[in-house]
Protein chains: 2
Amino acid sequence: MSSLGELMGEYAGRVALGRYYEGQDCSLARALELLGERWTMLLVRDAFYGVRRYADFLAHLDIPRAVLADRLRTLTEAGVLARRRYSDSPPRDEYVLTDRGRELWAPFYLLSQWGERHLSAAGPRRLFAHADCGTLLDPTGACPRCGRLAPPEEIEMRPGPGQQDDHRTDPVSQALRRPRRLLQPLLPHHEPG
Amino acid sequence: MSSLGELMGEYAGRVALGRYYEGQDCSLARALELLGERWTMLLVRDAFYGVRRYADFLAHLDIPRAVLADRLRTLTEAGVLARRRYSDSPPRDEYVLTDRGRELWAPFYLLSQWGERHLSAAGPRRLFAHADCGTLLDPTGACPRCGRLAPPEEIEMRPGPGQQDDHRTDPVSQALRRPRRLLQPLLPHHEPG
DNA sequence: CCTTCTGGTTCATTCACTGAACCATGCGTA
DNA sequence: TACGCATGGTTCAGTGAATGAACCAGAAGG
């Protein structure tokens, strides 16, 4: 349906509706053609939280199956996610963030913090701390103690005071309410790669 | 059609399709309900570039008029943009970023830089420099010389080597190809209040 | 009175998302 | 061998949102 080559190449006059911003010669428009469709950013967010499997995305997002399959395909073709086999005897694949995908942490964190400040009635639902030293990150995503931006691998997510607003009962949501390191697989179902 | 109150309040079971992510108890989902619709983020980007008037957004974005009117209404109700009268004798209004809107600079800049690194074939189309000292910003949006994040008011935008890929001929695009301070009105049409 | 500028609204068409049903593979076990 | 089930999809009719062209209205200006 869509490939990175198509995304980076010439597509003058080809598609007029939907995901493309043809006339916009702008890198933000390019990023939004990939990430700006409905559900896509939430899917990447879940990947940071450790969700890796089709069924787990489905349980946590209430996303239509067809849309989920399409988004996983698009993000994989764009090199944001990688599809990886973690089991052979039942053949099972998982989707994990690539380096390119992990670089999205900072913009996602900042956008989320903006939403927290301006659109959330209760307090923060999730808190993010630098796992190495236990210090809560500042609104820019930096660790105040270490004085540098914390990469997602070093971040621990904890429930915050607004967590009570989370009414979801699926197993994925329950797992995500416990303190956990970002990018770590959600459940000890398997030992990846 | 939508208000900030509606956005922040309870809307359990009310809307199932379109812009809302009902089941998602997450501040990123809240932010995306407001900003994640088609065209909305590009509109905010243009506001950072100094675009303020309906006709100028229209000329620069090739956005359907009905969608533009809807997005301006939604962003204004959410307090991201403010509608301001800048002329009485022909009554004219403009849309300017509020404090809340200007806080979106950092996430937008980071997302745009990500797109620049991974989805743009040519070099950067636009360069951003700290106007006070003339130094180019680093990929996090900080001024390497001053050692701090540059707020949008202090940023100058200049054409970069990838600028040649910009084929737009409308007056707004032409104005945006010249070096300019962010948030400053696009054309000296008027002296805003 | 006629035209232009600006900032919209209306509406038929087209496209994307939704949700429910269905399908295929590969175990596990009886 | 059959049955059941977990996983990861595809198909498709129905719905809602985006598109784009046409139309509209207020206020100058000539």
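Please read all numbers here as calculations on a predicted model, not as lab measurements. Protein chains get the first letters and strands the later ones, always in sequence-line order, with residue 1 at the start of each.
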Novice: Would you say the side-chain atoms of B:Tyr95 and B:Arg53 include a donor-acceptor pair closer than 3.5 Å?
Specialist: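 No.
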
Novice: Give the dot-bracket string for DNA chain D, reading 5' to 3', where a pair is Watson-Crick or G-U wobble with both distances under 3.5 Å, ( ) marks pairs inside the strand, [ ] marks pairs crossing earlier ones, | marks a partner on another strand, and . marks unpaired.
Specialist: ||||||||||||||||||||||||||||||

Novice: What is the separation between atom CG on A:Asp56 and atom C1' on D:dA6, rounded to the nearest whole Å?
Specialist: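 One finds 12 Å between C1' of D:dA6 and CG of A:Asp56, rounded.
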
Novice: Which whole-number value in Å describes the distance from B:Glu33 CD to D:dA17 P?
Specialist: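 That distance rounds to 13 Å.
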
Novice: Could you see if A:Leu42 belongs to whatever hydrophobic cluster contains A:Val96? Use Ile, Leu, Val, Met, Phe, Trp, Tyr and a side-chain cutoff under 4.5 Å.
Specialist: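 Different hydrophobic clusters.
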
Novice: Rounding to an integer number of Å, can you tell me how far A:Arg84 CZ sits from D:dT7 P?
Specialist: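 After rounding, the gap between these two atoms is 18 Å.
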
Novice: In plain terms, say whether A:Glu156 and A:Arg126 are close enough for a salt bridge, that is, a side-chain N and a carboxylate O under 4.0 Å apart.
Specialist: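 Here A:Glu156 does not pair with A:Arg126 in a salt bridge, since their nearest N and O are not under 4.0 Å apart.
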
Novice: DNA chain C: A:Asp88 or B:Pro91, which has the more 5' nearest nucleotide?
Specialist: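 Its nearest nucleotide being more 5', the pick is B:Pro91.
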
Novice: What does B:Phe57 touch in the nucleic acid at a heavy-atom separation under 4.0 angstrom: a base, only the sugar-phosphate, or nothing?
Specialist: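 If one applies the 4.0 Å heavy-atom cut-off, B:Phe57 turns out to touch nothing in the nucleic acid.
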
Novice: OH of A:Tyr21 versus C1' of D:dA18: gap in Å, rounded?
Specialist: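 It works out to 11 Å between those atoms.
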
Novice: Send over the distance from A:Leu58 CG to D:dG8 P, rounded to a whole Å.
Specialist: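 Taking CG of A:Leu58 and P of D:dG8, I get 10 Å after rounding.
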
Novice: Within this structure, what is the NE2-SG distance for the pair A:His130 and A:Cys146, rounded to the nearest 0.5 Å?
Specialist: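 Separation between the atoms: 4.5 Å.
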
Novice: In this structure, how many angstroms lie between the P atom of C:dT18 and the CG atom of A:Asp70, rounded?
Specialist: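 Between P of C:dT18 and CG of A:Asp70: 11 Å.
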
Novice: Evaluate the salt bridge (charged side-chain N to carboxylate O under 4.0 Å, His left out) criterion for residues A:Glu37 and A:Arg19: first the C-alpha distance (whole Å), next the side-chain angles of each, then the deciding distance (0.1 Å), finally the verdict.
Specialist: CA-CA 7 Å; A:Glu37 291 181 294; A:Arg19 39 183 301 220; 3.7 Å; yes

Novice: What's the CD-P distance between A:Glu22 and D:dA18, to the nearest Å?
Specialist: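 Computing the A:Glu22:CD to D:dA18:P distance gives 18 Å.
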
Novice: Identify, residue by residue, the members of residues 60-68 of chain B with a heavy atom below 4.0 Å from DNA chain C, and return them in order of residue number, or none.
Specialist: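 Correct list: B:Arg65, B:Ala66.
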
Novice: Look at the side-chain N and O atoms of B:Arg85 and state whether any lies under 4.0 Å from the OP1 or OP2 oxygen of C:dG7.
Specialist: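 No, because none of the side-chain N or O atoms of B:Arg85 sits under 4.0 Å from OP1 or OP2 of C:dG7.
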
Novice: In terms of side-chain heavy atoms, does A:Ser27 have a donor or acceptor partner in B:Ser112 at a distance below 3.5 Å?
Specialist: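 Checked: A:Ser27/B:Ser112 side chains pair up, N/O donor to acceptor below 3.5 Å.
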
Novice: Can you check whether B:Tyr95 has a side-chain N or O nearer than 4.0 Å to OP1 or OP2 of C:dG8?
Specialist: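 Yes, B:Tyr95 has a side-chain N/O under 4.0 Å of OP1/OP2 on C:dG8.
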
Novice: In whole Å, what is the span from the CD atom of B:Glu37 to the P atom of D:dT19?
Specialist: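 It works out to 11 Å between those atoms.
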
Novice: Under 4.0 Å between a side-chain N or O of B:Tyr20 and OP1 or OP2 of D:dA17?
Specialist: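 False: B:Tyr20 side-chain N/O out of range (4.0 Å or more) of D:dA17 OP1/OP2.
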
Novice: What closest approach, in Å, do B:Leu81 and B:Thr98 show between heavy atoms, and which atom pair accounts for it?
Specialist: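 Scanning both residues completely, I find the closest heavy atoms to be C-CG2, 3.7 Å.
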
Novice: Give a yes/no on whether any side-chain N or O of A:Arg19 is located under 4.0 angstrom from OP1 or OP2 of D:dA18.
Specialist: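 Negative; the distance criterion is not met.
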
Novice: Could you please name the option among C:dT9, C:dC17, D:dA18 that lies closest to any side-chain atom of A:Arg38?
Specialist: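 Comparing C:dT9, C:dC17, D:dA18 against the side chain of A:Arg38, the answer is C:dC17.
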
Novice: Within the pair B:Arg53 and C:dT6, is there a side-chain N or O less than 4.0 Å away from OP1 or OP2?
Specialist: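 Yes, B:Arg53 has a side-chain N/O under 4.0 Å of OP1/OP2 on C:dT6.
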
Novice: Less than 4.0 angstrom between a side-chain N/O of A:Arg92 and OP1 or OP2 of D:dG9, yes or no?
Specialist: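 No, because none of the side-chain N or O atoms of A:Arg92 sits under 4.0 Å from OP1 or OP2 of D:dG9.
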
Novice: Of the candidate nucleotides D:dA18, C:dT9, C:dT18, which contains the atom at the shortest distance from the side chain of A:Trp39?
Specialist: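 Comparing D:dA18, C:dT9, C:dT18 against the side chain of A:Trp39, the answer is C:dT18.
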
Novice: For the residue pair A:Phe128 and A:Trp105, is the inter-centroid distance of their aromatic rings smaller than 6.0 Å?
Specialist: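 Distance test on ring centres: under 6.0 Å, yes.
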
Novice: Is the NZ or CZ atom of A:Arg65 both under 6.0 Å from the centre of the six-membered ring of A:Phe57 and within 45° of that ring's axis?
Specialist: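 Relative to the ring axis of A:Phe57, which defines the angle, A:Arg65 lies outside at least one limit.
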
Novice: Can a side-chain donor-acceptor contact be found between A:Arg45 and B:Gln24 if the only test is distance below 3.5 angstrom?
Specialist: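 Yes, a side-chain donor-acceptor pair sits under 3.5 Å.
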
